[in-house]
Number of protein chains: 2
Amino acid sequence: MPITPDLIARTGLRLLNEVGLDGLTMRMLAKELDVQAPTLYWHVKNKHELLDLMAGLIVAEASDGVEAPGRNETWQQWIAGLARRMRDAMLRYRDGARVAAGSYSTGPSIGRTFELVLRTLTDAGFSTTEAARAFPAVLHYVVGFTIEQQARTGENYEGPNPYAQKMTIDETRYPLTASVTKELYALDSDDNFEYGLHIVLAGIEAVRQKAVP
Amino acid sequence: MPITPDLIARTGLRLLNEVGLDGLTMRMLAKELDVQAPTLYWHVKNKHELLDLMAGLIVAEASDGVEAPGRNETWQQWIAGLARRMRDAMLRYRDGARVAAGSYSTGPSIGRTFELVLRTLTDAGFSTTEAARAFPAVLHYVVGFTIEQQARTGENYEGPNPYAQKMTIDETRYPLTASVTKELYALDSDDNFEYGLHIVLAGIEAVRQKAVP
DNA sequence: GTTGACAATCTAGCACCGTTAGAGCTAAAT
DNA sequence: ATTTAGCTCTAACGGTGCTAGATTGTCAAC
C-alpha cells in the first residue's frame, strides 16, 4: 500500500488510542508504516501539519454521511444529532478533542455539512447571519465539553489522575458546593452533555428574531 | 527572591507570550529564573504539573476578586461578567485557552467563586442541581470559543496561517456558505463571543423549571 | 565550635525528539 | 542508454524532558 498523507494521518489517529497525543512521535508512526522516520517528511511538511490532517479526519468522520433533516425532524433534533456525531468522533480517539480543537480542517464533506446546517436553519426561519453565528456556538460548547471530559477520563497523568481525587469540601464555607458534589463527579455521563446541549439549542430558539410568523 | 512553584508557574505564564506553548521549555524557564534546569524539578514534579499550575493561575486570575451580584444586577449579567473574566484571563496569554482547558486546577479563589455561582443561581430560583449542571455549559462554551479564537489568531504556524487563507467558496454548490463568508471571517471579534454567550444564557433561562413564581 | 541534618542547587548525562542534508534506489520518459 | 522524477534511505544536528549523584549553604543540636 502506498504511503499517502491520508494514510499517515489515519495511522496517527489509530496510534493515538495506544499512546495518547503526548506519546505520539514521528518515529513510532514511521515504524508502524514500515518506513524510516524522514520518509514521512516527503509526504507531510511537519508534525503540525500532520496533526491538522488528523483533525480533518476526525471532523470528516463526524460529518460524513450527514443527510438533510427528515420530514418529521425538527431543526433542534437535527442539530443535536450533528453535535452528538461531532462528540462521538472526538471521543473515538484518545485526546481526540484536543487534536480537533482549533486545528485548521477543510474538506469536501465538511463544506457540504456546513452548507446543510445553514440550509436547515434558514429553512427553519433563521436568517443566514443568525445561522452562521449560532451554529459555531454549538460547536464551541461541544469541543469545550469534550476536551474537559477527555482530560478527566484520560490517562495523561502517570500517577493517580488528580481529577479523580475525592475532593473534600469544607461544608461550612462552601455548603452549596458540598451539597452538589455528587452531580459534579458523575459528570462524565452523557447526561450532562445532553443537558448542556439542550441549553444551547433552547438558547438559539430563544434568541431568534421571530421574523417568521 | 526564593524559587517557589508559584513563581515558576508565573514565569512560565509570562514566557508563554513570547514563545507560545510549544516553544516553552524547562531550560528556558530555568534561565529566566537564573537557575539550572534540574533545579526546577525540586519544586515541581514534571512539566505536566507545571502546566496545571499555570492553568490554575489563569483560572485564579479570572475568579480573583469576584463579588456577589449587585443589587440591580440580574443573574444573567453577573454570569456574563464571569464568563468575560474567564475569557479575558485566557486571552491574556498566548495559548492561554489551551493551557487552561482541561487542566486540573484548584485553589481558594476558585472554590469561593464556584460557591458564589451556585448561590447566585439558587437565589435566582434555580435548584442547586440545575445550577451545577448549567454553569459548566457556560464554561465549556467559553473555553471552546477561546481555544478556536487563539488557534486562528495565534502565530503557531511558521508559514502563513491557513486560517487566514481567503477560502474561495464554490458559489454554486455552497451558495449559503458563500453568502455568509463575511460573518465567518470577522469571527474573532468580541461580538461573536457575546452572541454565543447570549445564546447560552438565554438557554439556561429557557430550560429552567419554573418552580418559583 | 564542631557536627550533623536537611533544603536547595549544581554538573553530567541518558534516551529520545522533530527535522534536515544528501546519497541511493527504482521505474517511467526521452 | 540516459535522463528525470518520485520516493526512501542513512547519518546526524541541536534540542528536549528528566534522572543520578555530587556539592553547597544554612542552621539547630551537641
Side-chain angles (χ1 to χ4, degrees), chain A residues 1-16 18-55 94-95 98-99 103-104 151 154-162, chain B residues 1-16 18-55 94-95 98-99 103-104 151 154-162:
Chain A
M1 200 148 65
I3 290 182
T4 61
D6 185 83
L7 176 61
I8 296 176
R10 210 172 294 277
T11 307
L13 233 33
R14 182 159 45 81
L15 285 179
L16 219 47
E18 301 174 15
V19 298
L21 179 54
D22 295 343
L24 184 68
T25 72
M26 299 299 274
R27 287 180 224 267
M28 141 187 305
L29 189 43
K31 175 165 274 179
E32 190 77 7
L33 291 166
D34 285 316
V35 129
Q36 298 299 323
T39 295
L40 300 179
Y41 288 86
W42 197 90
H43 301 275
V44 155
K45 191 153 61 78
N46 50 38
K47 193 178 184 181
H48 197 124
E49 183 180 294
L50 165 66
L51 291 174
D52 281 352
L53 289 176
M54 290 166 57
R94 167 130 77 114
D95 298 323
R98 257 167 80 201
V99 172
S103 275
Y104 177 73
E155 312 154 47
N156 292 328
Y157 291 89
E158 27 195 87
N161 187 328
Chain B
M1 200 146 64
I3 290 181
T4 62
D6 184 83
L7 175 61
I8 296 175
R10 210 173 293 276
T11 307
L13 233 34
R14 182 158 45 82
L15 284 179
L16 218 48
E18 302 174 15
V19 298
L21 180 54
D22 295 344
L24 184 68
T25 72
M26 298 300 272
R27 288 183 225 265
M28 141 188 304
L29 190 45
K31 175 165 276 182
E32 190 77 9
L33 292 166
D34 286 314
V35 131
Q36 299 298 325
T39 296
L40 301 178
Y41 289 87
W42 197 92
H43 302 275
V44 157
K45 192 152 62 79
N46 52 37
K47 193 178 183 180
H48 196 124
E49 183 180 291
L50 166 66
L51 291 174
D52 280 353
L53 289 175
M54 289 165 58
R94 168 128 79 115
D95 298 322
R98 257 167 80 204
V99 171
S103 275
Y104 177 74
E155 313 154 47
N156 293 329
Y157 291 89
E158 30 194 87
N161 188 329

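Chain naming here is simple, since letters A, B, ... match the order of the sequence lines and numbering starts at 1 in each.
- Among the atoms of the strands shown, only primed sugar atoms or phosphate atoms (P, OP1, OP2) are found under 4.0 Å from some heavy atom of B:L24.
- What separates OH of A:Y41 from C1' of C:dA23 is a distance of 20 Å, to the nearest Å.
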Working for side-chain contact (heavy atoms from CB on, under 4.5 Å), residues A:I8 and A:T11: CA-CA 5 Å; A:I8 296 176; A:T11 307; 5.8 Å; no

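- Set against D:dC18, C:dG18, C:dT9, the side chain of B:K47 has D:dC18 as its closest nucleotide.
- Side-chain N/O atoms of A:T39 include none lying less than 4.0 angstrom from OP1 or OP2 on D:dC7.
- For DNA chain C, the neighbouring residues in residues 27-35 of chain B, judged by any heavy atom under 4.0 Å, are B:R27, B:V35.
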B:L29 vs B:L50, side-chain contact (heavy atoms from CB on, under 4.5 Å): CA-CA, chis, key distance, verdict: CA-CA 11 Å; B:L29 190 45; B:L50 166 66; 3.5 Å; yes

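- A:L50 places its CG atom 14 Å from the C1' atom of C:dT19, with the value rounded to the nearest Å.
- Atom CH2 of A:W42 is separated from atom P of D:dT10 by 19 Å (rounded to the nearest Å).
- Here the P atom of nucleotide D:dC18 and the CG atom of A:D22 are 10 Å apart, to the nearest Å.
- With C:dT11, C:dG18, D:dG6 as the candidates, the nucleotide lying closest to the side chain of B:Q36 is C:dT11.
- Pairing each heavy atom of B:E49 with each of B:V44, the nearest pair is OE2-CA, 3.8 Å.
- A:I8 places its CD1 atom 12 Å from the C1' atom of D:dT8, with the value rounded to the nearest Å.
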A:L33/A:T39 under side-chain contact (heavy atoms from CB on, under 4.5 Å): CA gap, chis, key distance, verdict: CA-CA 10 Å; A:L33 291 166; A:T39 295; over 6 Å; no

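- No side-chain heavy atom of B:V35 sits under 4.5 Å from any side-chain heavy atom of B:H43.
- Summarising the geometry, the separation between NZ on A:K45 and P on C:dG18 is reported as 16 Å, rounded to the nearest angstrom.
- Comparing C:dC10, C:dT19, D:dT16 by their closest approach to the side chain of B:P38 singles out C:dC10.
- Of the side-chain N and O atoms in B:H43, one or more sit less than 4.0 angstrom from OP1 or OP2 of C:dT9.
- Counting to the nearest Å, the P atom of D:dC9 and the CD1 atom of A:I3 are 7 Å from each other.
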As a quick check of understanding, evaluate side-chain contact (heavy atoms from CB on, under 4.5 Å) for A:D95 and A:D22, giving each step before the final call. CA-CA 9 Å; A:D95 298 323; A:D22 295 343; 5.9 Å; no

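- In this structure, B:D52 does not pair ionically with B:K45, as no charged nitrogen and carboxylate oxygen lie closer than 4.0 Å.
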